[in-house]
There are 2 protein chains.
Amino acid sequence: MKKNSVDRREFIKTSVNAAAGMMVGAGLPPRFMRPSSGQSTSNSPAKRSLKFSVIGVNHDHIYVQVEAARRGGGELVSFYAKEPELAAAFSKHYPNVKLAGSEKEILDDPSIKLILSASIPADRAPLGIEVMRHGKDFMVDKPGMTSLEQLAEVRATEKSTGRIYSIMYSERFENRATVRAGELVSAGAIGRVLQTIGTGPHRMNPTQRPPWFFERERYGGILCDIGSHQFDQFLYFTNSTKAEIVASQIGNLNHPQYPGVEDFGDVMLRGDHGTGYIRVDWFTPDGLATWGDGRLIVLGTDGYFEIRKNVDIAGRNLGSFLFQVDQKGTRYIDCQDVHLPYGERLINDVLDRTDTAMNQEHCFYAMELALNAEKQAQRIDRPR
Amino acid sequence: MKKNSVDRREFIKTSVNAAAGMMVGAGLPPRFMRPSSGQSTSNSPAKRSLKFSVIGVNHDHIYVQVEAARRGGGELVSFYAKEPELAAAFSKHYPNVKLAGSEKEILDDPSIKLILSASIPADRAPLGIEVMRHGKDFMVDKPGMTSLEQLAEVRATEKSTGRIYSIMYSERFENRATVRAGELVSAGAIGRVLQTIGTGPHRMNPTQRPPWFFERERYGGILCDIGSHQFDQFLYFTNSTKAEIVASQIGNLNHPQYPGVEDFGDVMLRGDHGTGYIRVDWFTPDGLATWGDGRLIVLGTDGYFEIRKNVDIAGRNLGSFLFQVDQKGTRYIDCQDVHLPYGERLINDVLDRTDTAMNQEHCFYAMELALNAEKQAQRIDRPR
């Protein structure tokens with residue numbers, strides 16, 4: 001019954017394989033439509049390059065991660081996945097990239113500088129710690145870890161090794177309207193930011209999910225998992241470095257057949273430079289043409305932005321859309337050609353030991369907030 | 001610097017006086033464009049009629065209230081305002097309506113069945129109590145009262161007199177897309193309602209506000225005042241009759257020159273049949289073509305509605321717009337011809353002693369929640 005519904009996995013696969021197509025939402029430019037040869041390509045003479053590998057392909061975000069790193073100058077040289085069917089699927093996208101015999105083979109290879117991972121969420125921190133101990137940097141899908149204990153260990157290892165543990169908060173980094181809004185907010189377009197309201201509705205597609213999707217210990221809870229994007233955006237747009245969780249709720253409101261699932265979560269938070277509200281859920285209905293009608297509203301003293309991240313319902317339809325209202329007027333801002341700098345900055349950071357893609361403490365703190373919100377959340381379940 | 005900005009007062013005055021114009025947002029059909037003769041008019045042969053008066057014209061909502069009652073069959077026969085300039089302004093709109101010599105003259109007139117008021121908020125409950133003690137019904141602008149003590153006294157008087165104390169929550173009753181959404185939700189269009197997110201941004205226009213706007217004791221605080229609409233909608237759309245305030249915040253974030261103003265407020269609440277989030281503020285910038293880009297998102301198990309109450313920015317522009325996404329598709333629903341039943345139902349309730357316009361306990365409970373949220377709110381003020 002999914003007429004006109006395109007779930008995110010289909011969307012990404014279509015985008016990587018198709019010879020053409022509009023990639024505004026997923027952030028993949030047309031030249032990556034054809035299966036890659038694995039060689040790095042350069043957009044400009046000055047692009048730097050390094051070799052990277054992938055360990056763990058349990059979530060399709062890995063493709064978005066790989067493409068961001070390749071756009072930034074990285075060369076994907078090998079990968080490892082312990083599940084043969086997942087390894088086979090990954091190989092189809094990158095047929096010239098070597099399947100390593102083990103994680104160890106990759107970790108021990110001194111020519112590889114950066115590891116990307118989208119393994120099962122609860123496995124990411126242990127892997128990332130190993131990666132950092134082997135002198136390499138780590139770029140991982142969100143959530144970057146699934147418990148405060150893991151976060152503490154990751155923080156300690158990152159500090160002692162001086163490596164990078166970068167969590168790809170794709171709903172900001174790979175979303176053109178969000179990137180453009182960030183630039184404009186930093187330039188003072190709406191004055192001082194007072195509040196963010198972020199919603200992250202998602203489509204569940206339970207029949208297409210692996211077992212770990214239904215096991216809370218393995219994905220970390222809804223606020224940790226899909227909520228993490230929202231905490232990143234709250235900190236970034238309010239320019240806050242500290243915040244308290246005013247209140248949080250999680251629940252299984254309508255999926256009693258999947259008791260390990262949390263299908264709803266929301267949070268009020270107060271930062272040192274602004275306040276925020278977050279709501280995430282797994283209720284996107286079949287009648288939406290994409291996986292979720294995510295929004296971000298940034299309220300300032302002198303105006304506001306509304307970002308319709310994936311779709312402008314009954315309007316401009318699929319894509320990433322930015323609306324600005326300020327003291328002078330109301331306008332739609334076309335973001336189709338906005339450059340997504342995360343991948344390039346990350347490659348530079350690996351080479352130069354800098355912090356330009358994302359401040360490391362910000363990266364960790366977004367997860368700290370998410371994990372705390374999850375931990376202290378009051379449960380709201382289906383009414384009796 | 002208010003190019004293209006139309007504040008609510010101008011919008012209402014223009015609508016009442018103009019010979020033509022699009023009234024979709026404010027809910028006034030074209031036949032009320034000309035100054036009224038004060039005589040009742042009927043849309044249908046079965047419309048009933050009664051005589052009503054106005055006491056207190058301190059807010060321009062009085063015009064929306066009067067027109068709703070007239071559309072419902074009421075005949076405006078007299079009014080009283082103690083401020084001569086306000087009385088003069090009201091008389092211009094209704095030149096054939098008698099200015100009474102005092103409140104008492106109206107209260108003592110047995111032919112008048114219903115009193116409408118938009119007096120200073122803190123004065124409404126004492127007036128309404130007098131109205132009910134004189135055997136008449138009361139239709140008042142929101143907020144209906146400004147303290148829990150006033151609410152308790154109003155409740156007790158309503159109970160002992162059996163009269164009606166109806167608070168016109170205009171952001172629902174006089175907003176076509178919201179009325180239509182209510183009908184569709186009740187019919188099960190999106191399954192069981194899980195959550196509402198309501199935003200009520202407003203334009204301050206400080207130079208056009210009376211002194212009481214800046215005095216908290218007289219308007220009751222932001223959550224009591226403009227927040228009340230949101231509590232009404234939360235209860236109505238989730239079909240809740242009980243709720244707890246999970247957390248609330250109020251603050252003066254950017255108006256230090258008006259220390260009595262609260263320019264921001266937000267609330268998380270949990271009802272017996274759904275949860276909700278509310279954010280209200282006075283930050284609408286000059287570049288918006290109306291007084292506030294209010295939204296309501298109703299999330300259900302099988303879909304969601306988005307209401308853009310006053311404007312569809314850089315889209316369909318001014319008006320009241322409804323968007324529905326469900327298991328079958330995504331659609332825009334044109335609400336230009338939606339009937340607004342509140343006024344007619346209220347007149348019927350006065351004549352028949354029924355409760356069809358709004359359940360009395362719901363009416364009071366929305367204010368109870370608003371007042372409690374205001375009372376227990378944590379203050380967040382401008383960062384140091």
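Convention: sequence-line order gives letters A, B, ...; per-chain numbering from 1.
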Under 3.5 Å, is there a donor-acceptor pair between the side chain of Gln327(A) and the main chain of Gly287(B)?
no
Shortest non-hydrogen pair, Pro285(A) vs Gly303(B), comes out as CG-CA, 3.8 Å
Check Arg316(A) against Ala314(B) and note the closest heavy-atom contact, atom names and distance.
NH2-O, 2.8 Å
Select one option (side chain, backbone, both, neither) describing which atoms of Glu306(A) are under 4.5 Å from chain B's heavy atoms.
side chain
Where on Ile380(A) is there a heavy atom nearer than 4.5 Å to chain B: the side chain, the backbone, both, or neither?
side chain
Answer with side chain, backbone, both or neither: which region of [X] has an atom nearer than 4.5 Å to a non-hydrogen atom of chain A?
| X | result |
| --- | --- |
| Gln378(B) | side chain |
| Val267(B) | backbone |
| Asp263(B) | neither |
| Ile190(B) | neither |

Chain B interface, residue from Asp312(A), Ile313(A), Val311(A) that has the most non-hydrogen pairs under 4.5 Å
Ile313(A)
Hey, what do you get for [atom1] ([X]) to [atom2] ([Y]), rounding to the nearest 0.5 Å?
| X | Y | atom1 | atom2 | value |
| --- | --- | --- | --- | --- |
| Thr275(A) | Phe264(B) | OG1 | CZ | 5.0 Å |
| Asn254(A) | Thr301(B) | CG | OG1 | 5.0 Å |
| Leu253(A) | Arg192(B) | CG | CZ | 6.5 Å |
| Ile197(B) | Ile297(A) | CD1 | CD1 | 8.5 Å |
| Leu299(A) | Thr199(B) | CG | OG1 | 9.5 Å |

Before you tell me yes or no, could you show the steps for Tyr304(B) and Leu288(A) under side-chain contact (heavy atoms from CB on, under 4.5 Å), namely the whole-Å CA-CA distance, both residues' side-chain angles and the distance that decides it to 0.1 Å?
CA-CA 10 Å; Tyr304(B) 62 99; Leu288(A) 189 71; 3.7 Å; yes
Quick one, Gln195(A) and Gln249(B) - any side-chain contact, counting heavy atoms below 4.5 Å?
no
Heavy-atom pairs under 4.5 Å with chain A, option from Thr284(B), Asp293(B), Val246(B) with the top count:
Asp293(B)
Give the member of Phe323(B), Tyr277(B), Tyr332(B), Phe283(B) that has the highest number of heavy-atom pairs under 4.5 Å with chain A.
Tyr277(B)
